[in-house]
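Written out below as C-alpha cells is the structure these notes cover.
Letters go in sequence order (proteins before strands), and every chain restarts at 1.
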Amino acid sequence: MIVNFDKEHPQNIKVKKNKKSRFIKKILIILFFIGVFFILFIKSGYLGVVYDIYKITGHSVARKKSESTINYSKYKYANKFTNILILGSDTDQKFNPQSILTQTIMIASINPYQKKVYLISIPRDFWIKIPNYYQNGGYSKFDTASEIGGISLTRSLVEKYFGIKIDYYAWVGLTGFIKVINTFGGVNIVPTHPVLDWSYPNDLTGNPKLLYSAINLYIPGAPQYMDGFRTLEYVRSRHGDLMGDFGRSKRQQQVLRIIEKKLHTTSTISQIPSLFNKLSNVIRTDMSIPEVIGLAQEGLGIHSSNIQSIILSPPNYSKIAVAYGQDIVEPRWNKINQLFSKLYGN
Amino acid sequence: METRKEKKQRKFKISRIILIIIVLGIVFIIYKYQNVINTILSPKSFTNTQSKYVTSTSYKINGTLYFLKGGNLWSIHGNSNKKITNINNMSDLAISKNGKNIEYTVVHTNYSNLHQMNINGTGGIKITNWINPHIGNEVWSATPTFSPNGLYIAYLTNLRKIFTGIPRASLGIWMIKTNRVYPSYYGETELTIPTKYTGGDAGVTWPNQNFLLYTEYIYTTNIAQPDSQIMLYDFATNTSYPVTPISSEAIEPRLSPNEKYLAFVGRRHNNDSYLYVMNFNLAQILQNTETSKFLNYKNTLKLVNTGINAQPTWSPNSKSIAFINLVNNSFDIAIKNIKNNKFGKIHYLTQNSNIDSTSKMFWF
C-alpha cells in the first residue's frame, strides 16, 4: 500500500506549502531584481552603452619588440602621469585605414596626484629620423609615421623622442570630429581671430571627384556658436595663419578645452549613454571601459585653470627650414628636452 | 480521476510556466527594442536649442531693438518681438541712421555679397555681385556699416587680392556709394590695409561722419595667433590711430550716440569675452602722443566679467547698453542701464532664443 503522507500527516502538508510559498517568493524576488536591473539599465541607456562602448574601446595596437629598448625612466616622475596620444587624421576616404596621415598629434598628460593636465601639440611637420625608412636620408615629417608604420610607429617615435611612455592612444577622423562636437551640442567660442582661407579642403561632400578640391572659407572673429562642421573648419584651416599648423594647433587646443569645460557640467554623467551611442564607429582607442571611466573621473577632478596648453612652435622649440625640397619644422631638441624635464621631472 | 488538489497543483505549474514565458518575452522585447526604449527613456543629449522663435521676457525697453536670428531680421519693441523677414540667409546686419534702410550679407560657399533692403523687408537689391568663378580669388563682403549721412557703406573685403594678385588671407575696409550698381568693383575706395594672415580687420562701425571705429588684428610676440586692438580711422588724415593697446585684445567697438563712452568686448584666454566701457576723447586719440595714448583705456570699467558677451549696442539716449550674453547655452539679449553714473544689474530681454551673436544689433 502506498502511503500518502500528505493526507495522513498534516505536518507534511504544511512543509510542502511552505516550500511552494518560498518558491513563489524566490520567483518574485528574481523577477523584482530583473525588473530593477532592466529599469535601471534602460532608463540610463546602459544596454546600448555596453554595446556602443565596445565599438570604441579595446582597439589595442601591439607593441613591437624594438619598443622594449626604449628607456621610459628618462624622466624620473613621468610615471605619475597617464599619457594619451591623441591623433587626428585627414579625410578617412583618402587613405587606407591602416596607414593614415595624422595631421594632429597631441599628447594629453593627466596627473591625478598633482591635479594637472598638459596638452602638448607636436607639429606635424617635425623633421625626424624614422627607423628603417630609406628616403630623404631616413628622415621624414612626423605625420607620415602613421602612414609608414601605423599607430604603433607613431607611438614609439613619440616615446623615443620625448622620453615619456604613451599609455593609450585615441584616434578621431574628420567625420568623427564633427560627430564628437555635435554630440556635445556644438561649441560656443570666442575665435582667436577671423579665419580666412583661400584653399580649405573640400573633401567632405561625399563626392569622390571633389576629394582633392578646395573652397574659400571665412569665419568672422565675433563670439559665436559653431556646430560640428563649422568647428572642424575652425580647427582645420591653416592657410589663414602666419604660422599655418601652429595657428591651428592653438585653435585645436582651444576647442579641446571648451569640450573639457562641457564635461564638467553636472548633466554630463546622465548624457554618457547618448554620447557613446553617437560616437561608436568614429573614435578608436586602446583603452578598456574601466580605463575610460577611471580617466574620466581623474580628468573631471582637475580644474580648467590647471590645464597647460603647449605648442612646440618656433622660435622656442623649433625652427622653419627646408629639407629635400619640403617645408619642414626642425625641432630644437635641447629646448624640448628642457621643457619636458621641467614638465615631467618634478 | 484528478483530485481537486492535483488540479490546483497542475494549474499552479501552468501559471508558473506562463509567468516565466511572460518574463522571458518581456526580456526579449526589451533586448530587441532597446534602442527605441533608450531613445524614449534616456536623457536627451547636449543641446543648443535652435528654436524658431524669440522668447521675450517681461522686461520692457524704450524704443526698438533690431537683431538677427536664424538668418532673419527681428525686432523687439517694449517687450514684444516681431519677425520682419523670412529669407533665412541674412548675416552682418547694418541699419542706416535714419532707420529706413538695412544692409546685410548673404554668405555662399566660396564668397559672400552685400544686399540692401528697406527696413520693412521690401525692395531688396544686391550691392556687390561676386560670383562663383571667383574661387581662388576668395572675394568676401562682410560687416557693412552705413555712413551717418547714408551716402556710403564701409565694409570688409579682400579686393586687394584682386588688384595685387597677392593672397593676404585678410579682409580690409573699403568704402562704396550706397547708390552703386554692381557688377563693377571700380570706384571702390580702400581705407585700410590689413595685416597679412590675420583674417583682417573686423567689427567696423561708422558713428561719426569723420571717423570709423574697427578692430585690427596684428601679430606681435605671439606668432601662433594675432592679438587685437581697437583702431580709429580718421577721414581727414586718412590715418588709423590706436584707441586701445594691442594687449587689450579688444574687439567690437561701439560708441555711445552722445560720443562720450566707448563700449567694447575684451577677449580673454579662457574662451571668455567680457564687456567693458571707457570714456571716449577724440582729440586725445588723434593726438596720439606717448603721454596721451590710452589714458581713457587705463580707467576702463568692467561691465560684465564672466562668460561670453558680444555686440554691445547703445540706446538712443546713451543711458542703456544692450549686449548679447551666453546664458544656459543660448545667446540672448541682455540690458544694463546707467543710473547716477553707475551701471545697474543685468535684465534679460530674451531667453533661450539663440540670437545671431556675429551680427551687430541696432537700437532706435
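- Of the atoms belonging to B:D92, not a single heavy atom falls under 4.5 Å from chain A.
- Most heavy-atom pairs under 4.5 Å with chain A: of the set B:S228, B:A202, B:S273, this distinction falls to B:S273.
- Chosen from B:D201, B:T198, B:I308, B:T215, the residue pairing most often with chain A at heavy-atom distances under 4.5 Å is B:T198.
- Under 4.0 Å is where a charged nitrogen must lie from a carboxylate oxygen, and between A:E260 and A:R257 no such pair does.
- Using a 4.5 Å cut-off between heavy atoms, B:T358 contacts chain A through both its backbone and its side chain.
- Contacts between A:Q254 and chain B at a heavy-atom distance below 4.5 Å involve the side chain alone, from C-beta outward.
- With a threshold of 4.5 angstrom between heavy atoms, A:T192 approaches chain B through its backbone and through its side chain.
- With sequence neighbours left out, the side chain to side chain contact (heavy atoms under 4.5 Å, CB included) criterion links B:S248 to B:Q229, B:T244, B:P245, B:A250, B:Y297.
- In summary, the side chains of A:Q253 and A:S121 do present a donor paired with an acceptor at a separation below 3.5 Å, with no hydrogens or angles considered.
- Judged by distance alone, the side chains of A:D241 and B:Q225 do bring a donor and an acceptor atom under 3.5 Å apart.
- In this structure, chain A has no heavy atom under 4.5 Å from any part of B:I324.
- Looking at A:H239, only its backbone comes within 4.5 Å of chain B, counting heavy atoms on both sides.
- Using modelled atom types, one finds no donor on one side chain facing an acceptor on the other under 3.5 Å when comparing B:S330 with B:N352.
- With hydrogens and angles left out, the side-chain atoms of B:S91 and B:T105 include a donor and acceptor closer than 3.5 Å.
- For chain B, the nearby part of A:I258 is the side chain; its heavy atoms alone come within less than 4.5 Å.
- Residue contact with chain A, scored on non-hydrogen atoms closer than 4.5 Å, is absent for B:R268.
- Under the 4.0 Å criterion applied to side-chain N and carboxylate O atoms, A:D197 and A:R248 are not assigned as salt-bridge partners.
- Residue contact with chain B, scored on non-hydrogen atoms closer than 4.5 Å, involves the side chain of A:P220 exclusively.
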Open item on the list: Show, in sequence, the C-alpha distance, side-chain angles and deciding distance for B:L171 and B:Y155, and conclude whether the side chain to side chain contact (heavy atoms under 4.5 Å, CB included) test is met.
Closed with: CA-CA 9 Å; B:L171 303 184; B:Y155 74 112; over 6 Å; no
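- Only the side chain of B:Q311 comes within contact range of chain A, with at least one heavy atom under 4.5 Å from a heavy atom of that chain.
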